[in-house]
Amino acid sequence: MLWEGITALIANAKGGDAEALERLYRVVQPYLLRLAQQTHGPGWPDKSVSDLTQETWLHAWRALDQFHGADNDADTGALLRAWFARTMKNLWLNQRRNDQAQRRMPAAGIVSLTRPEDTSGAMHDPAARDPSPSTNVREKEGRELLEQALARLPDSVDREILRLRFFEALSFAQIGARLGRDESTIRYRLQRALEFLGDELKAES
């Protein structure tokens, strides 16, 4: 598999060229999707495959400065695919370990009707399921912080993508159709916007 121009594309992306980074994502995304399908194997839901694809790209994007290619596209492409494969394998193994740990945990939401120290068998009212006033306050504060961070996004298109994804629950394909952009671009821009929001919310905390 030869990705023509991949060496220059990576160099430009590492230099801060946002368009080059977006083009790089479009070039490697089909490969990442096939790799995720092979890694998961048959029977896994599309959501899991898509999540692994996006997680791999996100990790690679964050560490792109650490990637060192070659002086020609054939070797650079081979090195990049091997790098993606190692990254995805590690993410998948971590995901498997987390899933197994979750299965070993006792089911949540079980309420004991007797206190551990109570040997009389007396019954007590279970905890209320309604959110407490303090929980409601925290949720309101969190939403306000999110809206403030969203307003600071420098690109109005990114703001609209986040709004459509999280407030209207549209799929990537639906968002792309509404905004006149392809699905891979929507995925890339959403990841970039989430990174920005994460940094903004950390600064607020």
Side-chain angles (χ1 to χ4, degrees), residues 3 5-6 8-33 35-36 45-67 69 80 83-84 87-88 90-92 94-95 98 131 133-205:
W3 288 328
I6 194 71
L9 199 56
I10 291 173
N12 291 336
K14 291 167 91 172
D17 187 334
E19 183 180 350
L21 188 62
E22 188 170 335
R23 285 174 54 206
L24 178 62
Y25 175 75
R26 289 200 298 267
V27 168
V28 304
Q29 197 266 346
Y31 169 75
L32 291 177
L33 182 58
L35 189 61
D46 291 340
K47 183 173 184 294
S48 297
V49 171
S50 176
D51 288 346
L52 184 57
T53 300
Q54 298 305 314
E55 237 356 79
T56 301
W57 167 254
L58 188 57
H59 276 70
W61 171 36
R62 288 170 175 166
L64 190 59
D65 286 343
Q66 300 173 23
F67 174 76
L80 187 62
W83 188 51
F84 279 136
T87 301
M88 183 174 288
N90 290 335
L91 288 170
W92 180 72
N94 288 337
Q95 184 185 79
N98 290 338
S134 60
T135 299
N136 289 331
V137 169
R138 285 195 299 271
E139 288 179 354
K140 182 180 179 182
E141 291 175 347
R143 185 179 179 86
E144 288 174 352
L145 285 175
L146 177 60
E147 290 175 347
Q148 291 169 9
L150 193 60
R152 289 197 291 272
L153 271 170
D155 194 301
S156 60
V157 175
D158 290 342
R159 289 197 296 272
E160 183 65 7
I161 290 172
L162 281 168
R163 187 187 68 79
L164 293 173
R165 180 64 174 168
F166 294 108
F167 292 98
E168 294 192 21
L170 298 186
S171 68
F172 293 116
Q174 290 170 326
I175 296 172
R178 182 171 296 192
L179 299 182
R181 297 170 185 259
D182 61 79
E183 186 175 340
S184 63
T185 297
I186 297 299
R187 289 179 181 274
Y188 163 75
R189 296 190 69 142
L190 178 67
Q191 289 177 341
R192 186 178 64 181
L194 287 174
E195 282 285 304
F196 177 87
L197 282 182
D199 292 341
E200 289 292 307
L201 291 174
K202 285 178 184 176
E204 293 286 346
S205 60

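- R178 pairs by the salt bridge (Lys or Arg N to Asp or Glu O under 4.0 Å) definition with E168, not counting sequence neighbours.
- Only one option out of Q29, H59, Q191 pairs with Q54 in a side chain to side chain donor-acceptor pair (under 3.5 Å); it is Q191.
- Legend: salt bridge (Lys or Arg N to Asp or Glu O under 4.0 Å) pairs involving residues 9-22, not counting sequence neighbours, sorted by first then second residue: E22-R26.
- In this structure, the separation between CG on D155 and CD1 on I161 is 8.0 Å, given to the nearest 0.5 Å.
- With sequence neighbours excluded, no residue forms a side chain to side chain contact (heavy atoms under 4.5 Å, CB included) with N90.
- In this structure, L35 CG and T56 OG1 are separated by 7.0 Å, a value rounded to the nearest 0.5 Å.
- When every heavy atom of A13 is checked against every heavy atom of A20, the shortest pair comes out as N-CB, 3.8 Å.
- The ring pair (Phe, Tyr, Trp, His ring centres under 6.0 Å) search around F84 returns none, not counting sequence neighbours.
- Atom CZ of R23 sits in a sparse spot, with 12 or fewer heavy atoms from other residues, nucleotides or ligands closer than 6.0 Å.
- Using a 4.5 Å heavy-atom cutoff, the side chains of Y25 and W61 are not in contact.
- At a threshold of 4.5 Å between non-hydrogen side-chain atoms, the residues L80 and W3 count as touching.
- The nearest pair of heavy atoms linking R159 to P154 is NH1-C, 4.2 Å.
- For the atom pair CD1 (I10) and CG (L21), the distance works out to 10.5 Å, reported to the nearest 0.5 Å.
- Taking Q174 as the reference, S171 meet the side chain to side chain donor-acceptor pair (under 3.5 Å) condition, with sequence neighbours excluded.
- Under the side chain to side chain contact (heavy atoms under 4.5 Å, CB included) criterion, A177 pairs with no residue, sequence neighbours left out.
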Verify salt bridge (charged side-chain N to carboxylate O under 4.0 Å, His left out) between E195 and R192, making sure each step is shown before the conclusion. CA-CA 5 Å; E195 282 285 304; R192 186 178 64 181; over 6 Å; no
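- When the side chain to side chain donor-acceptor pair (under 3.5 Å) test is applied to N12, no partner is found at least two apart in sequence or on another chain.
- Considering only residues two or more places apart in sequence or on other chains, R165 meets the side chain to side chain contact (heavy atoms under 4.5 Å, CB included) condition with F172, I175, L190.
- Annotation: side chain to side chain contact (heavy atoms under 4.5 Å, CB included) contacts of L33 (sequence neighbours excluded): Q37, V49, T53.
- Applying the side chain to side chain donor-acceptor pair (under 3.5 Å) test to E55 and every residue at least two apart in sequence or in another chain returns nothing.
- Scored by the side chain to side chain donor-acceptor pair (under 3.5 Å) test, D182 finds S184, T185 as partners (sequence neighbours excluded).
- In this structure, Q66 CD and W83 CH2 are separated by 7.0 Å, a value rounded to the nearest 0.5 Å.
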Could you check L52 against L32 for side chain to side chain contact (heavy atoms under 4.5 Å, CB included), going step by step and ending with a plain yes or no? CA-CA 9 Å; L52 184 57; L32 291 177; over 6 Å; no
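- Between L153 atom CG and R163 atom CZ the span is 13.5 Å, to the nearest 0.5 Å.
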